[in-house]
Amino acid sequence: MTRLKTEWIDHMTDGMDKYNSELAGKIGFDLAGLVRDTFGISKERYEKYASELLVAAVPVTQGEGIIGSFSDCISAIVRSMGFRTFVPEETDVDGIYNSILMDAGVIFMADDDRYLAFSRDNGSFGENNYATALGYIMVMRAMMKRAGFDISKEKILVIGNGLVGEEAVQILLNHDVDFDMYDKDAKAVEAFRSLETGKYVLGSPEEIKNYRFILDFTNEGGWLEDGYLGSEVWYASPGVPLSLDEKAASRLQNTAVYDNLEIGTAMMLGEILKTMP
Ligand code: 2YJ
């Protein structure tokens with residue numbers, strides 16, 4: 001799993017309005033809209049949750065320690081969705097304790113291995129790998145719909161069978177969405193083949209050209225050169241750092257959605273909201 005860097009995320013603390021309006025321009029939803037659409041939450045229900053629920057983002061010093069502004073970014077993302085949020089001054093267990101005293105209903109926190117949110121009210125939780133996979137599949141579905149395509153009738157290319165890619169594979173299989181797989185890593189391909197899905201695995205990146213709809217879960221950065229991509233591409237990727245090279249990023253600017261934390265975080269909250277009365 002990629003360790004986030006401060007410079008990849010610190011724009012979020014005051015850039016969420018811009019983020020949400022750009023997202024809405026590409027998929028028709030801001031983060032709150034994406035969550036409501038994914039989990040079938042009405043506007044009224046959502047607004048009730050947003051007015052009642054206090055959300056804490058607790059800094060965690062374990063392992064490699066605090067990433068400057070990580071908790072502030074989580075707080076900014078959730079605030080941009082209409083919720084009241086705070087970051088306690090204390091860290092770790094003391095931070096959780098003080099968040100409880102402040103009456104936080106949902107607590108977000110991450111160490112080097114896991115990024116989790118949980119509800120104190122009913123024990124529900126959102127886990128980042130799964131939530132990110134689901135979020136990006138929903139982003140692709142929404143982008144496709146706006147462009148006149150139905151995700152259940154087209155073939156998607158999934159790139160990367162890592163921690164998030166694996167979750168995406170399961171979600172796509174469960175929803176009967178057709179897809180092929182590309183991973184340059186032989187072990188990841190072997191793990192995918194062992195699922196015996198019967199899905200096609202690309203033999204080389206040159207074949208990426210044959211796909212219009214690409215979900216990219218790799219985290220190497222800069223490897224997906226414009227030359228690998230076809231003429232018309234819809235692209236969604238939580239990969240940090242971004243796979244697209246500069247030319248591809250510029251060419252796909254209206255049909256590519258990628259971010260470092262926002263969609264996964266929003267969907268983690270959604271996983272909790274969907275369980276609330
Ligand atoms: O509280 C802090 O500032 C740190 N303990 C945050 C650690 C953040 N964790 C990571 O960057 C992990 N690699 C997980 C990131 C998940 C993004 N998909």
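Both backbone and side-chain heavy atoms feed into the values below; hydrogens, waters and symmetry mates do not. Index from 1, following the sequence. From a predicted model like this one, the values you see are computed outputs, not experimental measurements.
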When you check the side-chain N and O atoms of [X] and [Y], is any donor under 3.5 Å from an acceptor?
X: Asp72; Y: Ser69; value: no
X: Ser243; Y: Thr218; value: yes
X: Tyr211; Y: Glu154; value: no

Checklist entry - Checking side chain to side chain contact (heavy atoms under 4.5 Å, CB included) for the pair Val35/Met81: CA distance, chi angles, key distance, verdict? => result CA-CA 9 Å; Val35 162; Met81 298 169 70; 3.7 Å; yes
Checklist outcome for this item: Grouping ILVMFWY residues whenever side-chain heavy atoms fall under 4.5 Å, the cluster of Val87 otherwise contains none
Check this for me, if you would: do [X] and [Y] make a salt bridge, where the nitrogen-to-carboxylate-oxygen distance has to be below 4.0 angstrom?
X: Glu44; Y: Lys48; value: no
X: Asp178; Y: Lys155; value: yes
X: Asp150; Y: Arg141; value: no

Would you compute the distance between atom [atom1] of [X] and atom [atom2] of [Y] and round it to the nearest 0.5 angstrom?
X: Ile159; Y: Lys184; atom1: CD1; atom2: NZ; answer: 12.0 Å
X: Ser124; Y: Met276; atom1: OG; atom2: CE; answer: 8.0 Å
X: Ile67; Y: Glu7; atom1: CD1; atom2: CD; answer: 10.0 Å
X: Ile151; Y: Ile137; atom1: CD1; atom2: CD1; answer: 7.0 Å

Checklist entry - Does the pair Leu273 and Phe39 meet the rule for a side chain to side chain contact (heavy atoms under 4.5 Å, CB included), with working shown? => result CA-CA 8 Å; Leu273 299 182; Phe39 298 105; over 6 Å; no
Do any N or O atoms from the side chain of [X] and from the backbone of [Y] form a donor-acceptor pair under 3.5 angstrom?
X: Thr255; Y: Val233; result: yes
X: Arg120; Y: Ala104; result: yes
X: Asp180; Y: Ile156; result: no
X: Asp245; Y: Asp226; result: yes
X: Asp92; Y: Val60; result: no
X: Arg251; Y: Ser231; result: yes
X: Asn128; Y: Leu116; result: no
X: Asn98; Y: Asp94; result: yes

Are there more than 12 heavy atoms of other residues, nucleotides or ligands under 6.0 Å from atom [atom1] of [X]?
X: Glu246; atom1: CD; value: no
X: Glu196; atom1: CD; value: no
X: Tyr97; atom1: OH; value: no
X: Glu232; atom1: CD; value: yes
X: Lys247; atom1: NZ; value: no

Checklist entry - Going by the salt bridge (Lys or Arg N to Asp or Glu O under 4.0 Å) test, which pairs reach into residues 258-267, not counting sequence neighbours? => result none
So, for [X] and [Y], which heavy atoms are closest and what is the spacing to 0.1 Å?
X: Leu31; Y: Ser80; result: CD1-OG, 4.1 Å
X: Val78; Y: Leu269; result: CG1-CD2, 4.0 Å
X: Ile96; Y: Val58; result: N-CG1, 3.9 Å
X: Leu4; Y: Trp8; result: CA-CE3, 3.9 Å
X: Gly95; Y: Pro88; result: O-CG, 3.8 Å
X: Gln62; Y: Asp112; result: OE1-N, 3.4 Å

Quick one: ring pair (Phe, Tyr, Trp, His ring centres under 6.0 Å) pairs with a partner in [range], sequence neighbours left out?
range: residues 167-196; result: none
range: residues 40-62; result: Tyr46-Phe83
range: residues 123-165; result: Phe149-Phe213, Phe149-Trp234

[X]: what forms a salt bridge (charged side-chain N to carboxylate O under 4.0 Å, His left out) with it, not counting sequence neighbours?
X: Glu225; answer: none
X: Lys274; answer: Glu271
X: Asp176; answer: none
X: Glu206; answer: none

Side chains of [X] and [Y], heavy atoms from C-beta outward: is any pair under 4.5 Å?
X: Asn161; Y: Val189; result: no
X: Met102; Y: Ser99; result: no
X: Asn260; Y: Leu242; result: no

Next on the checklist: Is there a side chain to side chain contact (heavy atoms under 4.5 Å, CB included) between Leu224 and Ile208? Walk through the geometry before answering.
Outcome noted: CA-CA 10 Å; Leu224 191 48; Ile208 294 173; 4.0 Å; yes
Checklist entry - Could you walk me through whether Phe118 and Met109 pass the side chain to side chain contact (heavy atoms under 4.5 Å, CB included) check? => result CA-CA 9 Å; Phe118 64 91; Met109 56 195 183; 3.7 Å; yes
Shared ILVMFWY cluster between [X] and [Y], side chains joined below 4.5 angstrom?
X: Met268; Y: Leu53; value: yes
X: Val257; Y: Leu252; value: no
X: Leu229; Y: Met143; value: no
X: Leu54; Y: Phe108; value: no
X: Val177; Y: Leu173; value: yes

Next on the checklist: Suppose we screen for side chain to side chain donor-acceptor pair (under 3.5 Å). Which residues come up paired with Arg146, at least two apart in sequence or across chains?
Outcome noted: none
Next on the checklist: List the residues meeting side chain to side chain donor-acceptor pair (under 3.5 Å) with Glu190, not counting sequence neighbours, and say none if there are none.
Outcome noted: none
Item to check | Tyr115 and Phe70: CA distance, side-chain angles, deciding distance, ring-ring contact (aromatic ring centres under 6.0 Å, His included) verdict | outcome: CA-CA 11 Å; Tyr115 173 23; Phe70 182 82; 5.5 Å; yes
Checklist outcome for this item: Residues pairing under side chain to side chain donor-acceptor pair (under 3.5 Å) where one sits in residues 25-40, two or more places apart or in two chains, turn out to be none
